[in-house]
Amino acid sequence: MEPKNINGSSRIYEHDIIGWFEDISEKAGQVQTETLRRILELNWGVEYLNKWFGDINIKDMDATALESLYTSLVPLSSHADLEPYISRIADGDTAPLLTRQPIKLLSLSSGTTEGRQKLVPFTDHSARTTLQIFSLAAAYRSRVYPTREGGRILEFIYSSKQFKTKGGVTVGTATTHYYESEEFKIKQEKTKCFTCSPQEVISGGDYRQSTYCHLLLGLFFCDQVEFITSTFAYSIVQAFREFEVVWREICNDIKKGTLSERISLPKMRKAVLSIISPNPSLASKIEESCEELENKNWAGLITKFWPNSKYVYSIMTGSMQPYLQKLRHYAGDLPLVSADYGSTESWIGANVDPYLPPEDATFAVIPTFSYYEFMPLYRQNQDCGSAIDDFIEDEPVPLSKVKEGQEYDIVLTTFTGMFNLCCPPAAIPISINIFVNLSNPISCRLIFSSS
């Protein structure tokens with residue numbers, strides 16, 4: 001139940017993946033039931049599930065009956081419940097503990113629980129769904145903000161350093177695993193839009209040096225850049241704050257085709273120097289613009305340097321909202337588009353209405369990625385604001401039974417062995433409202449609500 005892999009035009013692929021998504025969304029309840037069946041069949045017999053199912057045979061069981069059995073037998077879990085199994089995986093235990101898929105990678109969560117990052121299995125399925133949601137969101141964006149095939153993306157993206165557990169499992173952030181994967185290369189081929197920076201810059205491991213090179217190459221290819229992006233909004237803001245300090249060095253590098261001594265990593269230096277060449281006229285133009293922008297407190301920086309850019313794209317909801325004012329200051333009248341919605345454990349929803357401002361962003365649930373349940377939340381004190389501990393929780397309901405306007409927490413069952421996992425506030429920082437539009441084939445959307 002995945003979109004076809006078309007090797008032709010990106011426009012044909014966009015039509016195909018949107019058609020696939022709208023088809024599965026029209027029957028989201030049925031697709032969710034089948035998704036849970038696939039998860040259980042693929043992971044049947046793992047140690048964690050055996051605790052609850054014992055010797056029950058699900059082979060010939062109806063998918064709806066299996067869904068009812070699963071939700072009645074397997075209790076809600078937290079990371080504390082799954083941590084002993086993940087620790088055994090990290091220590092080198094290759095028995096099927098949570099999933100039958102080989103686990104060679106563990107992701108560090110972006111949020112923390114009890115002050116520390118969590119470890120989450122990252123498998124081939126994780127990379128495939130990342131490619132799918134990025135491709136789907138790009139297809140919807142291209143309907144509103146068409147980009148040129150063969151253009152470039154100024155991406156402020158970074159691979160953090162990975163390390164090995166004593167059992168030989170590689171640990172890093174989920175984004176690091178993705179940027180190192182084959183799917184990252186495939187995404188550029190499918191969307192026909194290519195990042196300005198080579199892999200040596202993305203995976204350099206030094207944030208300041210990578211940022212400098214991202215800025216340098218983004219300006220070197222300034223007329224080709226179609227949009228500006230990063231995983232999180234604060235990364236774009238931080239990059240341009242850095243630019244306010246280093247722009248003279250960047251101009252000098254573009255003028256002479258050299259690279260500042262601040263870039264000390266040999267592989268990064270070699271890769272960047274193989275791309276740039278002396279361009280005195282471009283350097284002079286950028287220098288004049290910088291002197292002008294300094295007097296305006298750098299307002300409209302993005303549209304000044306990247307005149308062909310169509311939008312700025314990043315995660316802008318939740319804890320990223322405080323950065324919107326500064327991001328708008330840099331972007332001028334360029335649209336800000338909120339990126340897709342998920343957690344380290346699973347992608348959840350795509351932004352299929354990219355014309356909406358980040359404050360109004362909604363996310364359409366993708367019913368094939370994981371099995372989702374929604375735990376209704378009721379406020380004890382309506383005047384208490386959005387304090388998390390003010391909510392009373394009710395029994396989770398499936399995607400097909402959500403109610404419009406109700407606030408929920410999300411419960412995940414994933415292909416990577418997260419069973420009935422309650423996503424903590426760190427992963428999903430704001431309560432969620434569900435909007436159900438029965439006249440729209442994309443039938444269930446998540447709306448962030450801080451009220």
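All values below come from the heavy atoms of this structure, side chains included, with hydrogens, waters and symmetry mates left out. Along the sequence shown, the residues carry numbers beginning at 1.
Judged by a 6.0 Å distance limit and a 45° cone about the ring axis, Lys161 is not positioned over the six-membered ring of Phe163.
Cys422 is not listed as a side-chain neighbour of Asp409, based on a closest heavy-atom distance of 4.5 Å or more.
Trp347 pairs with exactly one of Phe363, Tyr341, Phe134, Tyr372 by the ring-ring contact (aromatic ring centres under 6.0 Å, His included) rule, that one being Phe134. Residue Met316 is tested with Ile236, Asn351, Leu336 for a side chain to side chain contact (heavy atoms under 4.5 Å, CB included); the sole match is Leu336.
Each side-chain hydrogen bond (donor to acceptor under 3.5 Å, both in side chains) pair with one or both residues in residues 204-215, not counting sequence neighbours, appears once here: Tyr158-Thr211, Ser197-His214, Asp206-Gln209, Tyr207-Gln238, Arg208-Glu242, Gln209-Ser264, Tyr212-Asp253. For the ring pair (Phe, Tyr, Trp, His ring centres under 6.0 Å) condition, the pairs that include at least one residue of residues 80-101, sequence neighbours left out, are Tyr48-Tyr85.
For the residue pair Tyr179/Thr231, the side-chain donor-acceptor check at 3.5 Å is satisfied. With no hydrogens or angles considered, no side-chain donor-acceptor pair links Ser289 and Lys304 at under 3.5 Å.
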(request) Assess whether side chain to side chain donor-acceptor pair (under 3.5 Å) is satisfied between Tyr313 and Asp340, documenting all intermediate values. (result) CA-CA 10 Å; Tyr313 180 66; Asp340 310 302; 3.1 Å; yes

(request) Could you check Ser281 against Asn279 for side chain to side chain donor-acceptor pair (under 3.5 Å), going step by step and ending with a plain yes or no? (result) CA-CA 6 Å; Ser281 61; Asn279 193 333; 3.1 Å; yes

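Qualifying side chain to side chain donor-acceptor pair (under 3.5 Å) partners for Glu41, counting only residues two or more places apart in sequence or in other chains: Arg37.
Using cut-offs of 30° and 60° for the angle between ring planes, the Tyr311 and Phe227 rings count as parallel.
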